[in-house]
Amino acid sequence: MLSVLRLRRLVRQVPLQTSFIFLFLLCILSVFLSSYFLYAVKRKLEPSLAAGRSADDLYVTPSRPLPFLSGVGGTLSSDGSRTDPVVLVLTWKKCVLYIFVFIANEKSLLSAQLKGFPLFLHSNLGLKDCTVNPKSPLLHVTRARQVFSGPLPGDDWTVFQSNHSTYEPVLLAKTRSAESTGLMHTSVVQDLGLHDGIQRVLFGHNLSFWLHKLVFVDALSFLTAKRLSLSLERFILVDIDDIFVGKEGTRMKVADVKALVETQNELRRSIPDFTFNLGFSGKFFHAGTDEEDRGDDLLLSYVDEFWWFPHMWSHMQPHRFHNQSVLAEQMMLNRRFAEDHSIPTHLGYAVAPHHSGVYPVHIQLYEAWKRVWDIRVTSTEEYPHLKPARFRRGFIHRGIRVLPRQTCGLFTHTIFHKDYPGGPQELERIIDGGELFLTVLLNPISIFMTHLSNYGNDRLGLFTFKRLLNFLLTWTHLKLQTLPPLQLGNKYFQLFPSDAEPLWQDPCEDKRHKDIWSKEKTCDRFPKLLLIGPQKTGAMALYLFLGMHPDLSSNYPSKETFEEIQFFSSHSYHRGIDWYMEYFPLPSNSSSDYYFEKSASYFDSDVAAARAAALLPRARIITVLSDPVERAFAWYQHQRAHADPVALKYSFHDVITASHNAPVKLQVLQKRCLAPGWYATHLSRWLEHYHHDQILVVDGQTLKTDPASVMEKIQTFLGLENQVDYHKTLAFDPKKGFWCQLLDGGKTKCLGKSKGQRYPDKQSQVFLRNYYRDGNIQLSKLLYKMGQVLPGWLREDLLNIR
């Protein structure tokens, strides 16, 4: 059985590092999909059928995502029992990566020939003692030097046999059977394309075996002609946190310090200039036993041998300091300690205890760091989340580069080899082809977090990195390097420039983030409703009506952008969520508090939807859509009312029909008139990040003619406790020509003179009706899928099209 998944032009759409990680996951998913089709679709790979099946018969496309289970070394059926051998096939054609998965059922014979190919498959085998073919043209990262001794995971392997020159073995292994002759069998084979012109790589098992993961990386590189290929350069920095911090019995002694220096020199033979990076809290200097205190003294005598970075003086978490001056005073104590003991203070790197204040951002920490230490680089394991570790990345905030930090299986309590969780073999498994190895393989830059306690007693830190280095040198061609933190920060953002801009998330959605977020801050201060515009559709009137409801509170007005904050669509986003929260009142004890904000620039912004969904994933979204023809003209009139020289110089028809050769300022005005009216395009972007049940589309025309009915619908949509009858709070103003707030004494409060309805000339209307025709058709289909009523203006427009 076979399933095919196609990945189009991955290199240009996502970072290369992310592509590799995604493809690993995709291959595993392919195995699961194939298992489903084996049992649900009942298509079986019998040898007799395989011999008479065309290549086109091998393509099966799944119709919908389904839940699956994975087992060690193979796939699982619905009852949890092991199923059948897997053959994973990779091929690349016309910038499309194809991933095939064959699964033979239990009734299949152990041998079969692939129809149309001079290739035989032998299945249901147990293998051992795997080796890499040094002559394979596939190899790039993988080094062919050693034999992986011992059994390979699982007993459902497939090996390949062929006499055709198109097939080149990549991995070979022996069978585990008692009658084994010691012959080497091919478990991964490369098809050079000499038979049918198509190159492939076939794996006789899934990716549970670490050497398959390694060869998989090379297969991607080879098949895509290096389009999907990582450089061989890997930069490694090992941070040792909590220097001088630790209970008696866990700290480094004289012999441990000497071993640290010796190991550093040993690692430098393979990693040029490798240097351990030591993070210190001066308050705890000489806080151990006499023997451990002598270790402190010896460590400082080697001060020039290492790189150094500051923690907090008393190792306190920075987010607990709400006063920046007090935070800075704590840092000054640590700086004075450093100066008194000749510890370098100019390296520009710091790490906060428990990564507190780095992310979620505690502004006081960033400002105090810059003021006291001139910090320009830090690192954290918390952005965007601790797990999964493979998705950690960096960002830049307030001029400080925040780099992703990795764990290596060592924690403050992992001191003795025999007491390692899961036993010593578990640590070795993490290193030898496990999580630690894959971290280096898939990340061009790895900053590893270790602790002082990992370098005393059994010195697991030294053991881990010496063993990791040996494993990398044995099995890969990776060129290991190191850089000081400042240079490493520059290198990271050269490789991943798109990471520079952060994506702020709701701290209350992640327990770890909430634990290291100031207790003076609350997620209840975030808005639950966004009125996203677009401009000139009636959103301002709706904002006024919403503000009349006793349960709804809007943001404080912004001096920079009038009443709108425009946080998610402007440069203000880089100021962080603390800045954003300051625009909303401190919540009361009332459960009916419901904050909202209106920024009409959100609707057609390229970035607002993604940013809003990250920070406000549960928010309700309201957009007001009026006739895009009228909206375009209203924006033009708005610009004229504000004395825009371009709008005053050109007629509306001249603006909307301007060519690409027109003056730049005229093109800018044209875009602001026309682009927001591409409703289907912009609404689709919001639907990529919010469920359609969270979005309400308001008919701008109905809002003008019958706002009370619209407000009744909105109150239901928001689930407000108190229902207000807007028939009693709104009144039509015949002079203004629209509905206004009804005040005491029968007076009304209306919008400004620039608000109201105007119509473009007939020629411009004809042009715009044609211009928006296809977009309006797409909008109608989109609203139908969302289960929302079509606005009256849209129904009328569709009737005219017919």
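These numbers come from a predicted model, not from an experiment.
No close placement of the Phe465 and Phe463 rings is indicated, their centers lying 6.0 Å or farther apart. Ring centroid separation for the pair His385 and Phe391 does not come in under the 6.0 Å cut-off.
For Pro502, the side-chain contact (heavy atoms from CB on, under 4.5 Å) test picks out Tyr383, Phe395, Trp504, His574, with sequence neighbours left out. In this view, Thr275 and Gln264, Arg268, Trp307 satisfy the side-chain contact (heavy atoms from CB on, under 4.5 Å) rule, not counting sequence neighbours. Scanning for salt bridge (Lys or Arg N to Asp or Glu O under 4.0 Å) contacts around Arg143 gives an empty result, with sequence neighbours left out. Residues meeting the side chain to side chain donor-acceptor pair (under 3.5 Å) test with Thr186, sequence neighbours left out: none. Residues satisfying the side-chain contact (heavy atoms from CB on, under 4.5 Å) criterion with Ala609, sequence neighbours excluded, are Arg685, Trp686, His689.
With Tyr349 contributing its side chain and Pro484 its backbone, the two residues share no donor-acceptor pair below 3.5 Å. Not one N or O on the side chain of Gln667 forms a donor-acceptor pair closer than 3.5 Å with the backbone of Lys671. The main-chain N or O of Ala613 is found under 3.5 Å from a side-chain atom of Tyr690 such that the two form a donor-acceptor pair. Side-chain N or O atoms of Arg393 include none that pairs as donor or acceptor with a backbone N or O of Arg390 at under 3.5 Å. Looking only at distances, a side-chain donor or acceptor of Thr166 sits under 3.5 Å from a matching main-chain atom of Leu194. Between the side chain of Thr450 and the backbone N or O of Asp239, at least one donor-acceptor pair lies under 3.5 Å. Arg234 contributes a side-chain N or O that, together with a main-chain N or O of Val440, makes up a donor-acceptor pair within less than 3.5 Å.
Residues Asp155 and Arg176 form a side-chain contact, since some pair of their non-hydrogen atoms from C-beta on lies under 4.5 Å apart. No side-chain heavy atom of Leu410 sits less than 4.5 Å from a side-chain heavy atom of Met449. Put simply, the side chain of Leu483 does not reach to within 4.5 Å of the side chain of Leu237, judged on heavy atoms. Under the 4.5 Å side-chain criterion, counting only non-hydrogen atoms from C-beta, Leu469 is not in contact with Ile236. You'll find the side chain of Leu472 stays beyond 4.5 Å of the side chain of Ser270, heavy atoms only. Between Ser605 and Phe568, every side-chain heavy-atom pair lies at or beyond the 4.5 Å cut-off.
Counting only N and O atoms by type, the side chains of Tyr492 and Asp499 include a donor and acceptor under 3.5 Å apart.
Annotation: the span from Thr224 atom OG1 to Leu220 atom CG amounts to 6.5 Å, rounded to 0.5 Å. Rounding to the nearest 0.5 angstrom, the gap separating the CD1 atom in Ile430 from the CG atom in Leu438 is 11.5 Å.
Nearest heavy atom pair, residue Leu442 against residue Pro444, reads O-CD, 3.8 Å. Summarising the geometry of Leu138 relative to Ala219, their closest heavy-atom pair is CD1-CA, 3.5 Å, with the distance given to 0.1 Å. Considering every non-hydrogen atom in both Glu168 and Ser136, the closest pair reads CG-CA, 4.3 Å. Across all their heavy atoms, Leu192 and Ser165 have their closest contact at CD1-O, 4.0 Å. The two residues Asp129 and Met184 have their closest heavy-atom pair at O-CE, 3.8 Å. The two residues Lys128 and Thr175 have their closest heavy-atom pair at CE-O, 3.6 Å.
Each of Phe148, Phe203, Phe216 was checked for a ring pair (Phe, Tyr, Trp, His ring centres under 6.0 Å) with Phe209, and the lone residue meeting it is Phe148. Evaluated for a side-chain hydrogen bond (donor to acceptor under 3.5 Å, both in side chains) with Ser379, the options Arg401, Arg405, Gln406 yield exactly one hit, Arg405.
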Inset, instruction - Could you walk me through whether His140 and Phe222 pass ring pair (Phe, Tyr, Trp, His ring centres under 6.0 Å), step by step? - result: CA-CA 8 Å; His140 174 56; Phe222 185 87; over 10 Å; no
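By the neighbour-count criterion of 12 heavy atoms within 6.0 Å, atom CD of Glu435 is sparsely surrounded, having that number or fewer from other residues, nucleotides or ligands.
Sequence neighbours left out, the pairs with a member in residues 465-487 that pass side chain to side chain donor-acceptor pair (under 3.5 Å) are Glu233-Gln481, Asp432-Arg467.
Classified by interplanar angle (parallel below 30°, tilted 30° to 60°, perpendicular above 60°), the ring pair His164/His195 is perpendicular.
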